[in-house]
Amino acid sequence: MLNNKILVIDDEQPVIHSIYRTILLEDDTYEILSANNGKEGLEIYYREEPILVVLDLKMPVMGGIEFLKNIHLTASDPSSAIVITGFSNNENIKKCFDLGISAFLRKPFNKYEFIGLVRHTIALKRLQLTLKESACGSTIRDHMLSGDSTLPSGVLESMKKAVEPILDNTDILLKNNMAYGPDRIEKLQTIKSASNDLLNIIKNAAVTNDA
């Protein structure tokens, strides 16, 4: 069963409601959780294990930076984080990315850019989790050691289902490229190219298996 939990941590209720409406209008299968500060957010985060955290920086009791320091996000974690804040500067942006966030968005945010980031970030995380949970890494390693170039069809299908949403979401973000600088557009194009390459490898492997 897919993890569809999204935790929104913000001390402004109108922002939480706006995020709630934006996400559910896109996909009503998501379960939206909320907290008014980082301390409340930590309790919900460890209890519910959401796939995505949408986080403000400046909040009472515990701010966003301190929250990120507590959860120690890494690429192998089951969660990703997006920071949305009206209090941004180069130092805060750098700190947030150093602490493992996937994206940074300034308030007031464009709802189409926001939902694109949500979909893209979740798709990337699901790809990581699919590869990990299907033991794809060990399967590939075992096959390489045995000299067998084929992979089980179930693994290939799981990989294909994980990669395709990344391509779809990258296309959506690139179509909205007026909102991005050259650096982000270049990164999105790199993601699209690499995802296409991976999808072609998966399709070729499936053909090899069927031959």
Side-chain angles (χ1 to χ4, degrees), residues 2-129 169 172-173 176 178-181 183-184 187-188:
L2 289 177
N3 181 349
N4 278 338
K5 295 179 181 179
I6 298 175
L7 172 59
V8 182
I9 307 175
D10 199 302
D11 62 325
E12 299 178 63
Q13 285 302 312
V15 173
I16 292 178
H17 292 154
S18 176
I19 290 173
Y20 184 94
R21 289 194 302 270
T22 300
I23 292 175
L24 291 188
L25 281 174
E26 171 67 18
D27 187 339
D28 62 6
T29 65
Y30 287 117
E31 180 182 352
I32 314 298
L33 312 168
S34 65
N36 293 318
N37 57 65
K39 184 177 180 181
E40 289 181 12
L42 280 177
E43 296 174 3
I44 298 173
Y45 177 83
Y46 288 120
R47 183 176 70 244
E48 301 291 341
E49 299 182 340
I51 193 168
L52 179 65
V53 177
V54 180
L55 177 69
D56 190 15
L57 287 187
K58 190 173 181 180
M59 296 177 288
V61 185
M62 179 187 290
I65 297 290
E66 190 175 352
F67 173 86
L68 291 170
K69 287 179 179 178
N70 274 275
I71 64 174
H72 305 292
L73 275 179
T74 66
S76 61
D77 286 336
S79 302
S80 293
I82 296 174
V83 166
I84 300 182
T85 183
F87 300 92
S88 61
N89 54 48
N90 288 338
E91 183 181 355
N92 280 340
I93 293 172
K94 182 179 184 302
K95 278 183 181 179
C96 288
F97 279 107
D98 286 345
L99 290 168
I101 71 165
S102 298
F104 193 105
L105 196 61
R106 291 177 175 86
K107 294 179 183 176
F109 57 87
N110 178 292
K111 68 177 182 179
Y112 299 109
E113 181 179 9
F114 168 68
I115 199 61
L117 286 174
V118 168
R119 290 168 60 186
H120 185 69
T121 303
I122 289 176
L124 285 171
K125 180 53 62 178
R126 283 180 178 160
L127 172 60
Q128 292 173 336
L129 295 177
N169 293 327
I172 291 170
L173 292 173
N176 191 33
M178 293 298 291
Y180 308 132
D183 182 60
R184 177 170 287 187
K187 289 178 180 178
L188 287 170

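- Partners of Tyr30 according to the ring pair (Phe, Tyr, Trp, His ring centres under 6.0 Å) rule, which considers only residues two or more places apart in sequence or in another chain, do not exist here.
- Residues Cys96 and Ile101 are in side-chain contact: their nearest non-hydrogen atoms beyond the backbone lie under 4.5 Å apart.
- With contacts defined as side-chain heavy-atom distances shorter than 4.5 Å, the pair Lys107/Asp10 qualifies.
- Salt bridge Arg119/Glu26: present, at least one basic N to carboxylate O contact under 4.0 Å.
- In this structure, Asp56 and Ile84 have side chains that are not in contact, with every pair of non-hydrogen atoms separated by 4.5 Å or more.
- The shortest side-chain heavy-atom distance between Ile32 and Leu24 falls under the 4.5 Å cut-off.
- Atom CG of Asn89 has more than 12 neighbouring heavy atoms from other residues, nucleotides or ligands inside a 6.0 Å radius.
- With respect to Lys39 and Glu66, no salt bridge is recorded, no charged nitrogen being found less than 4.0 Å from a carboxylate O.
- The distance from atom CG of Leu68 to atom CG of Leu99, rounded to the nearest 0.5 Å, is 5.5 Å.
- Residues passing the salt bridge (Lys or Arg N to Asp or Glu O under 4.0 Å) test with Lys94 are Asp98, sequence neighbours excluded.
- Taking the side chain as every heavy atom from C-beta outward, Asn3 and Pro78 never approach each other to under 4.5 Å.
- Between the side chains of Gln13 and Asn36, at least one donor N or O sits under 3.5 Å from an acceptor N or O.
- Residues Arg47 and Glu43 are not paired through a salt bridge, judged by the lack of any N-O separation under 4.0 Å between the basic side chain and the carboxylate.
- One N or O on the side chain of Thr121 and one on the backbone of Leu117 form a donor-acceptor pair closer than 3.5 Å.
- Side-chain contact check for Asn37 versus Ile9: every heavy-atom pair is 4.5 Å or farther apart.
- Tested against Ile23, the residues Asp28, Ile6, Leu52 include a single side-chain contact (heavy atoms from CB on, under 4.5 Å) partner, Ile6.
- The aromatic rings of Tyr45 and Phe67 sit perpendicular, their planes meeting at an angle over 60°, well past the 30° parallel limit.
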Begin from the C-alpha positions of Val54 and Leu7 and carry the test side chain to side chain contact (heavy atoms under 4.5 Å, CB included) through to its verdict.
CA-CA 6 Å; Val54 180; Leu7 172 59; over 6 Å; no
List the steps, then state whether side chain to side chain donor-acceptor pair (under 3.5 Å) holds for Asp27 with Thr29.
CA-CA 5 Å; Asp27 187 339; Thr29 65; 2.6 Å; yes
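- Between the side chain of Ser80 and the main chain of Lys125, no donor-acceptor pair closer than 3.5 Å is present.
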